[in-house]
A.B. asks: 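Take this structure, written in structure tokens, and hold onto it; I'll ask about it next.
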Amino acid sequence: MSEFTSKTIKIIKAIPEGRVATYGQIAGLAGHPRAPRQVAGMLKRYSEKYNLPWHRVISSKGIVSIKDPLAKLEQAERLREEGVEVSTSFEVDLKRFGWKVDRFDA
DNA sequence: AAGGTGACTGTCA
DNA sequence: CTGACAGCCACCT
């Protein structure tokens, strides 16, 4: 597994409860600011294997942008359970619930 | 091994 | 505000 992959996994696991991070943000912290799509792809493939809090990752627009409608619902529900406000249109206020981190300390 | 793909993103109209 | 476009790049087939 590439360093990018392992780093990304660590970072995702480091997302605090009640907070959300964006794909681009994670990619950036992992050292590949231009690979948010890989982050997304990874969640899909490794979220279960590595027990990742995939539900805490959303798009930079602050909306849940997962393809699978069912998982989308689940994600919104999980977030609400952590205290994150998710609107009926799956919007999250990044100003308030965004994960603030300047750089990731591995 | 070569090519396709996506849970993205910033920019422009 | 919405929508279209084009980079982007690791992973899968």
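In what follows, every chain begins at residue 1, and chains take the letters A, B, ... in the order their sequences are listed.
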A.B. asks: I want to check one thing: is the phosphate of B:dA7, taken as OP1 and OP2, less than 4.0 Å away from some side-chain N or O of A:Ser59?
C.D. replies: no

A.B. asks: Rounded to whole Å, please give me the gap between CG in A:Leu52 and C1' in B:dA7.
C.D. replies: 13 Å

A.B. asks: In whole angstrom, what separates A:Met42's CE from B:dT5's P?
C.D. replies: 20 Å

A.B. asks: Atom CD1 of A:Ile63 and atom P of B:dC8: how far apart are they, to the nearest Å?
C.D. replies: 9 Å

A.B. asks: Would you mind reading off the distance between A:Lys67 atom NZ and B:dC8 atom C1', rounded to a whole angstrom?
C.D. replies: 13 Å

A.B. asks: Specify the separation, in whole Å, of atom CZ of A:Arg37 and atom P of B:dG6.
C.D. replies: 8 Å

A.B. asks: Between the side-chain atoms of A:Arg45 and the base atoms of B:dG6, is any donor-acceptor pair under 3.5 Å?
C.D. replies: no

A.B. asks: Within less than 4.0 Å of OP1 or OP2 of B:dG10, is there a side-chain N or O belonging to A:Ser60?
C.D. replies: yes

A.B. asks: From the options B:dC8, C:dC12, C:dA10, select the nucleotide whose nearest atom is closest to the side chain of A:Pro36.
C.D. replies: B:dC8

A.B. asks: Does A:Gln38 contact C:dC11 through a side-chain donor or acceptor facing the base, at a distance under 3.5 Å?
C.D. replies: no

A.B. asks: Would you call the rings of A:Trp99 and A:Phe104 parallel, tilted or perpendicular, where under 30° means parallel and over 60° means perpendicular?
C.D. replies: perpendicular

A.B. asks: Give me the one residue out of A:Thr22, A:Ile15, A:Val64, A:Val20 that meets side-chain contact (heavy atoms from CB on, under 4.5 Å) with A:Val57.
C.D. replies: A:Ile15

A.B. asks: Is A:Gly41 touching bases, backbone alone, or none of the nucleic acid, heavy atoms closer than 4.0 Å?
C.D. replies: nothing

A.B. asks: Give one of base, sugar-phosphate or nothing for A:Phe4, where a contact means two heavy atoms less than 4.0 Å apart.
C.D. replies: sugar-phosphate

A.B. asks: Whole angstroms only, please: what is the NZ-C1' distance between A:Lys49 and C:dC12?
C.D. replies: 15 Å

A.B. asks: Rounded to the nearest 0.5 Å, how far apart are CD1 of A:Ile12 and CH2 of A:Trp54?
C.D. replies: 12.0 Å

A.B. asks: On the nucleotide C:dA10, are OP1 or OP2 found under 4.0 Å from the side-chain N or O atoms that A:His32 carries?
C.D. replies: yes

A.B. asks: When you check the side-chain N and O atoms of A:Glu82 and A:His55, is any donor under 3.5 Å from an acceptor?
C.D. replies: yes

A.B. asks: Let me know, please, whether A:Ile66 or A:Lys61 comes out on the 5' side of the other along DNA chain B by nearest nucleotide.
C.D. replies: A:Ile66

A.B. asks: Taking donor-acceptor contacts at under 3.5 Å, does the side chain of A:Arg34 reach the base of C:dC9?
C.D. replies: no

A.B. asks: CZ of A:Phe90 versus P of B:dA7: gap in Å, rounded?
C.D. replies: 16 Å

A.B. asks: Judged by modelled atom types alone, do A:Thr5 and A:Thr8 share a side-chain donor-acceptor pair under 3.5 Å?
C.D. replies: no

A.B. asks: Calculate the interatomic distance between A:Lys44 atom NZ and C:dC9 atom P; express it in whole Å.
C.D. replies: 22 Å

A.B. asks: Taking only N and O in the side chain of A:Thr5, is any of them less than 4.0 Å away from OP1 or OP2 of C:dA10?
C.D. replies: no

A.B. asks: Only pairs with both distances under 3.5 Å count, Watson-Crick or wobble alike; so what is the partner of B:dA7 in this structure?
C.D. replies: none

